[in-house]
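Single-structure report; data block below.
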Amino acid sequence: QVQLVESGGGSVQAGGSLRLSCAASGYTYNNYYMGWFRQAPGKEREGVAAIDSDGSTSYADSVKGRFTISQDNAKKTLYLQMNSLKPEDTAMYYCTIREVGSSFSVLVAESYKCWGHGTQVTVSS
């Protein structure tokens, strides 16, 4: 069974940076999408960024130019570099994975079935 473990969250001031990591195990996909989603209290889970097994990336408009998603295939680890953080970025951040083939957009949370427990990001002003 797929297992995902997020780390790297914390508390920072506006304008600061954080680098999130997600260690993945238990999958044998050659072709896949991996993504970062976030959820703030009282809000729905929203897509932040996604990357496929070939390295193609997608970003939510709200984070373009500030966040960068990447992966280390040898280490089976997903990363999210977050720069110029804003208070509205405050949320629990989750990583996820699914095999290529769904008709859903890569940033639609309902298209993914496997999630980590999340890592908290808090940005103060």
Side-chain angles (χ1 to χ4, degrees):
Q1 183 168 320
V2 176
Q3 185 170 343
L4 304 167
V5 181
E6 301 96 336
S7 63
S11 298
V12 298
Q13 293 184 325
S17 298
L18 285 172
R19 184 175 176 85
L20 307 184
S21 298
C22 174
S25 63
Y27 71 95
T28 58
Y29 308 143
N30 287 327
N31 302 298
Y32 58 82
Y33 296 120
M34 294 190 72
W36 287 98
F37 289 71
R38 65 188 182 187
Q39 188 167 22
K43 295 185 178 181
E44 296 294 317
R45 189 167 298 186
E46 64 175 352
V48 176
I51 188 168
D52 68 18
S53 45
D54 293 324
S56 180
T57 58
S58 299
Y59 296 93
D61 288 341
S62 60
V63 307
K64 286 181 179 178
R66 299 190 297 120
F67 292 9
T68 303
I69 188 170
S70 62
Q71 62 189 336
D72 185 326
N73 291 331
K75 296 181 179 180
K76 296 184 178 180
T77 302
L78 180 72
Y79 301 99
L80 184 67
Q81 179 66 46
M82 304 185 294
N83 298 324
S84 301
L85 284 162
K86 304 175 180 179
E88 50 262 47
D89 295 318
T90 296
M92 184 73 76
Y93 283 70
Y94 302 88
C95 67
T96 186
I97 185 171
R98 69 169 171 84
E99 194 166 17
V100 171
S102 173
S103 61
F104 287 98
S105 167
V106 296
L107 296 180
V108 173
E110 288 75 16
S111 68
Y112 297 85
K113 63 179 181 179
C114 300
W115 301 89
H117 290 296
T119 185
Q120 179 67 40
V121 171
T122 302
V123 185
S124 62
S125 58

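Reckoned from all heavy atoms, side chains included, excluding hydrogens, waters and symmetry mates. The model shown is predicted, which means the values in this text are computed figures rather than measured ones.
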message: As an exercise, state the distance from CD of Q120 to OG1 of T90, rounded to the nearest 0.5 Å.
response: 7.5 Å
statement: What one should report as the nearest heavy-atom pair of Q71 and Y32 is OE1-OH, 2.9 Å
query: Got a salt bridge between D61 and K64, using NZ or NE/NH1/NH2 to carboxylate O under 4.0 Å?
result: yes
query: Would you say W36's side chain and Y79's backbone share a donor-acceptor pair under 3.5 angstrom?
result: yes
query: Tell me, do W115 and L4 make a side-chain contact under 4.5 Å, heavy atoms counted?
result: no
message: Ignoring hydrogens, what is the shortest heavy-atom contact between L78 and S70? Give both atom names and the distance.
response: CD1-O, 3.3 Å
- request: Ignoring hydrogens and angles, tell me if any N or O in the side chain of E6 forms a donor-acceptor pair with the backbone of L20 under 3.5 Å.
  value: no
- prompt: Between the side chain of S58 and the main-chain N/O of A49, is any donor-acceptor distance below 3.5 Å?
  reply: no
message: Please give me the minimum heavy-atom distance between R38 and Y93, naming the atom from each residue.
response: NH1-OH, 2.9 Å
query: Mind checking whether M34 and Y29 sit in one hydrophobic cluster, side chains of I, L, V, M, F, W, Y counted as touching below 4.5 Å?
result: yes
- prompt: Can you find a pair of side-chain heavy atoms, one from M82 and one from D89, that are under 4.5 Å apart?
  reply: no
- request: List the atom of L107, the atom of F37, and the distance in Å for their closest heavy-atom pair.
  value: O-CE2, 3.5 Å
query: In Å and rounded to the nearest 0.5 Å, what is the CE to NZ distance from M92 to K43?
result: 15.5 Å
query: Below 4.5 Å, heavy atoms only, C-beta onward: do Y27 and E99 meet side chain to side chain?
result: no
Euclidean distance, N83 CG relative to T68 OG1, rounded to 0.5 Å: 6.5 Å
query: Of the non-hydrogen atoms in V63 and V48, which two are nearest, and what is the gap between them?
result: CG2-O, 3.6 Å
query: Under the 3.5 angstrom rule, does the side chain of D54 hit a backbone N or O of S56 as a donor-acceptor pair?
result: no
field: Distance, nearest 0.5 Å, that separates NZ of K76 from SG of C22
entry: 13.0 Å
message: Any non-hydrogen side-chain atom of Q81 less than 4.5 Å from a side-chain atom of S17?
response: yes
message: Testing the basics here: between V5 and Q3, what is the closest heavy-atom pair and its distance to 0.1 Å?
response: CG2-NE2, 4.1 Å
query: In the single-linkage hydrophobic clustering (I, L, V, M, F, W, Y; side-chain heavy atoms under 4.5 Å), do V108 and I51 co-cluster?
result: no
task: Rounded to the nearest 0.5 Å, what's the gap from OH on Y94 to SG on C114? Could you check?
output: 15.0 Å
task: State plainly whether one hydrophobic cluster holds both Y112 and Y59, where clusters connect Ile, Leu, Val, Met, Phe, Trp and Tyr through side-chain heavy atoms under 4.5 angstrom apart.
output: no
- prompt: Do the side chain of Q13 and the main chain of L85 share a donor and acceptor less than 3.5 angstrom apart?
  reply: no
query: Looking only at atom types and distance, does a side-chain atom of T77 sit under 3.5 Å from a main-chain N or O of A23, one as donor and one as acceptor?
result: no
message: Quick check on E44: does its CD atom have over 12 non-hydrogen neighbours (other residues, nucleotides or ligands) under 6.0 Å away?
response: no
